[in-house]
Undergrad: 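Starting off with a structure, shown below.
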Amino acid sequence: MNIALADCNSFFVSCERVFRPELRYRPVVVLSSNDGCIVARSKEAKKLGIPMGAPYFKYKDILQKHGVIVASSNFPLYADLSSRVMEVLAEASPLIQIYSIDEAFFTLDRLEEADALRKKVLRWTGIPVSIGIAATKTLAKVASHLAKEGEEGVCKIEKHEEEKILSKLPVEEIWGVGRNTSKHLRALGISSALDFRRMDETLCRREFGVMGLRMMLELRGEIAFPLDEDPEPQKGISSSRSFGKEVTCWEDMSEAIAMHVAKSAEKLREQGSETNFLQVYLLTNRFHPEKAQFSRVGSAYLPVPTDFTPRLIEKAREIAKPLFFENVPYKKCGVFFGNLTQKSHSQADLFICQARKEKEEKLMELLDLVRVKDKQALYFLSEGVKGKQDWRMKRNHVSPLYTTSWDELLHIQI
DNA sequence: TCTGGGGTCCTAGGACCC
DNA sequence: TCTGGGGTCCTAGGACCC
């Protein structure tokens, strides 16, 4: 059985295009939070030479000159469309691993099936995907890249074609080879994926560790990264964000921290985990090294693991308070929950009243339930009043929440 | 003026144990 | 001359991914 990789084409851009068809065939970019960096580019925008991850302000003029359409990122919309795409893919294969917001590995053999699936995803969700099929995940990645380059949108690498295709692939483009590894490989005279595939095993292990060895085996068509159908729950959960404008007073900082805690705690409950380790950090703008830099981290353990937001907010503020200095221009803050444990195996605590615990649980259940329908409807006052938090991120080109908010449904005029 | 955010896995070295 | 040996656990940092 072969492994297939379905990869959405310019995913965030494609999501914007679903509801704004006038953006098709035009250069479009999507920005990261705070309109900071360019994180997605349409084919047309790539052709203009706009690099991935570039700071927006440096390219503003070029984008304007070429009439590139700019969109702020709208994550709730992308997450919703992603789950719709994954649903369609899951129907096609009994074994599927959702790898990221826009990619999934699954088992599939025939090119015709891949083509039918690609068309189905496009018809049902409006999102174009490319599908690559090969013997391993690493080779399927290569195949999906070829699929994107070609017109068909699908590609299968047969056993006998592997060497020929890999000979044309620079090592930089192998999945798992980054800046450092590629430099290291080239220093050893290994410049193509085929060279890597033919590398001596002992040398490979010595120079690049077990990860290097696995990559090499995968290039040879031997599975070293198996399909992992239901991955373990996350080991840590974090939430952080740059501020829309600098924060200098404790009230604003405290609101932002509470917001990050509430967000992370929601994720925590979603995967059925609890935490007993909290970390909070505050930083100034690292891009202005000439100005005074502040960067402080604080952490604390809780006596008993919990997923109860109010307790976590209280603790996080306790950690943050001594780290904070008035009138320092903070740019960013964040929280991290570690030591996650599954709630189902949690230890009973002698010192917590069971009745109270049940009440707390009911409260969080209700909160989460309401927020599934409307994120604005219920939140903690310590996060600040919505609409009055001027530390909130900047999003000057944001599209409506077409699929996740009743107030922002698409209007059609007849 | 303006520079993202959230993850994973591996490794080396230190602390500690017997 | 010659300064145990083997194991575990934890942590920080590196590298990479999307």
Side-chain angles (χ1 to χ4, degrees), chain A residues 5-13 29-41 51-61 63-64 70 72-75 78-79 82 97-105 137-138 141 144-145 171-185 205-215 224-225 228 231-246 256 259-260 263-264 267-268 271 277 279 281 283-289 291 297 299 301 329 331-340 393-397:
Chain A
L5 170 66
D7 194 339
C8 301
N9 302 347
S10 311
F11 182 55
F12 297 169
V13 170
V29 298
V30 176
L31 306 179
S32 64
S33 65
N34 263 314
D35 292 347
C37 296
I38 295 163
V39 291
R41 305 152 297 153
M52 176 68 176
Y56 172 47
F57 76 93
K58 286 190 184 167
Y59 283 84
K60 218 168 182 168
D61 294 342
L63 296 173
Q64 222 155 31
V70 175
S72 300
S73 55
N74 183 344
F75 261 89
Y78 309 154
S82 168
Q97 177 188 356
I98 296 169
Y99 177 71
S100 72
I101 194 162
D102 72 334
E103 287 168 286
F105 290 105
K137 282 183 176 173
T138 305
K141 265 277 190 202
S144 86
H145 281 294
V171 284
E172 286 74 18
E173 285 172 40
I174 301 166
W175 186 44
V177 174
R179 229 185 43 236
N180 289 281
T181 310
S182 62
K183 217 189 275 171
H184 191 170
L185 280 165
R205 173 70 182 82
R206 196 177 64 223
E207 295 292 322
F208 303 99
V210 294
M211 288 307 275
L213 193 60
R214 285 181 200 155
M215 285 190 275
F225 306 122
D228 186 7
E232 300 284 301
Q234 278 172 225
K235 295 179 174 126
I237 289 174
S238 66
S239 172
S240 67
R241 196 119 309 172
S242 306
F243 302 120
K245 64 178 206 187
E246 286 169 349
M259 187 268 294
H260 289 307
K263 218 170 118 185
S264 300
K267 262 170 94 181
L268 200 61
Q271 67 162 26
F277 177 72
Q279 205 169 48
Y281 55 92
L283 358 143
T284 48
N285 195 337
R286 68 194 166 100
F287 292 103
H288 295 290
K291 294 184 189 163
V297 189
S299 58
Y301 287 91
K331 181 64 184 153
K332 184 175 175 174
C333 74
V335 307
F336 173 82
F337 296 165
N339 266 351
L340 303 194
M393 67 172 169
K394 212 165 43 187
R395 291 200 298 180
N396 290 332
H397 315 275

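So you know, we letter chains A, B, ... as the sequences are listed, proteins then strands, and number each from 1.
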Undergrad: Ignoring hydrogens and geometry, is there a side-chain-to-backbone donor-acceptor pair from Ser10(A) to Arg41(A) under 3.5 Å?
TA: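 Confirmed, Ser10(A) side chain pairs with Arg41(A) backbone.
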Undergrad: Could you write nucleotides 1-11 of chain B as a row of B, S and -, 5' to 3', where a protein heavy atom under 4.0 Å of any base atom gives B, of only sugar-phosphate atoms gives S, and otherwise -?
TA: -BBSSSSSSSS
Undergrad: Does Leu283(A) reach the side chain of Lys331(A), with side-chain heavy atoms less than 4.5 Å apart?
TA: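 No - every pair of side-chain heavy atoms lies 4.5 Å or more apart.
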Undergrad: Tell me what Leu213(A) touches on the nucleic acid: a base, only sugar-phosphate, or nothing, going by heavy atoms under 4.0 Å.
TA: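 Result for Leu213(A) = nothing.
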Undergrad: Is DNA chain C part of any stem, that is, at least 3 consecutive Watson-Crick or G-U pairs with both distances under 3.5 Å, and where?
TA: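 Consecutive-pair runs (3 or more) involving DNA chain C: B:5-18 with C:5-18.
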Undergrad: How many whole angstroms separate atom NZ of Lys183(A) from atom C1' of dG14(C)?
TA: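 After rounding, the reported distance stands at 14 Å.
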Undergrad: Sub-3.5 Å donor-acceptor pair from the side chain of Asp102(A) to the main-chain atoms of Phe11(A), do we have one?
TA: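 Judged by distance alone, no pair lies under 3.5 Å.
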Undergrad: Any donor-acceptor pair under 3.5 Å linking the side chain of Asp7(A) with the backbone of Ser144(A)?
TA: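 No: the side chain of Asp7(A) does not pair with the backbone of Ser144(A).
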Undergrad: In whole Å, measure the gap between the P atoms of dT3(B) and dC18(C) for me.
TA: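 Result for the P pair: 25 Å, nearest Å.
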Undergrad: Between Phe105(A) and Lys137(A), is there a cation-pi geometry (under 6.0 Å to ring centre, at most 45° from the normal)?
TA: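 Checked: cation-pi criterion met.
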Undergrad: Are Phe225(A) and Tyr99(A) close enough that their ring centers fall under 6.0 Å?
TA: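 Not under 6.0 Å, so no.
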Undergrad: Name the nucleic acid region contacted by Lys141(A), choosing base, sugar-phosphate or nothing; use a 4.0 angstrom heavy-atom cut-off, strictly under.
TA: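 Sugar-phosphate only.
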Undergrad: Base, sugar-phosphate or nothing for Ser73(A)? Non-hydrogen atoms, less than 4.0 Å.
TA: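 The answer is nothing, as Ser73(A) stays clear of every strand by at least 4.0 Å.
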Undergrad: Side chain of Ser73(A), backbone of Leu31(A): donor and acceptor closer than 3.5 Å?
TA: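 Yes: the side chain of Ser73(A) pairs with the backbone of Leu31(A).
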Undergrad: In this structure, how many angstroms lie between the P atom of dC18(C) and the OH atom of Tyr78(A), rounded?
TA: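 Tyr78(A) atom OH is separated from dC18(C) atom P by 19 Å.
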Undergrad: How close or far is atom C1' of dA15(C) from atom CH2 of Trp175(A), stated in whole angstroms?
TA: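 Roughly 15 Å, once rounded to whole Å.
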Undergrad: Between Lys141(A) and Glu103(A), does any side-chain N to carboxylate O distance fall below 4.0 Å?
TA: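 Judged by the 4.0 Å cut-off on N to carboxylate O distance, Lys141(A) and Glu103(A) do form a salt bridge.
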Undergrad: Quick one: does Ser264(A)'s side chain have a donor or acceptor within less than 3.5 Å of a partner on His260(A)'s backbone?
TA: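 Confirmed, Ser264(A) side chain pairs with His260(A) backbone.
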Undergrad: Grab the CE-P distance between Met215(A) and dC16(C) for me, whole Å please.
TA: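 That distance rounds to 8 Å.
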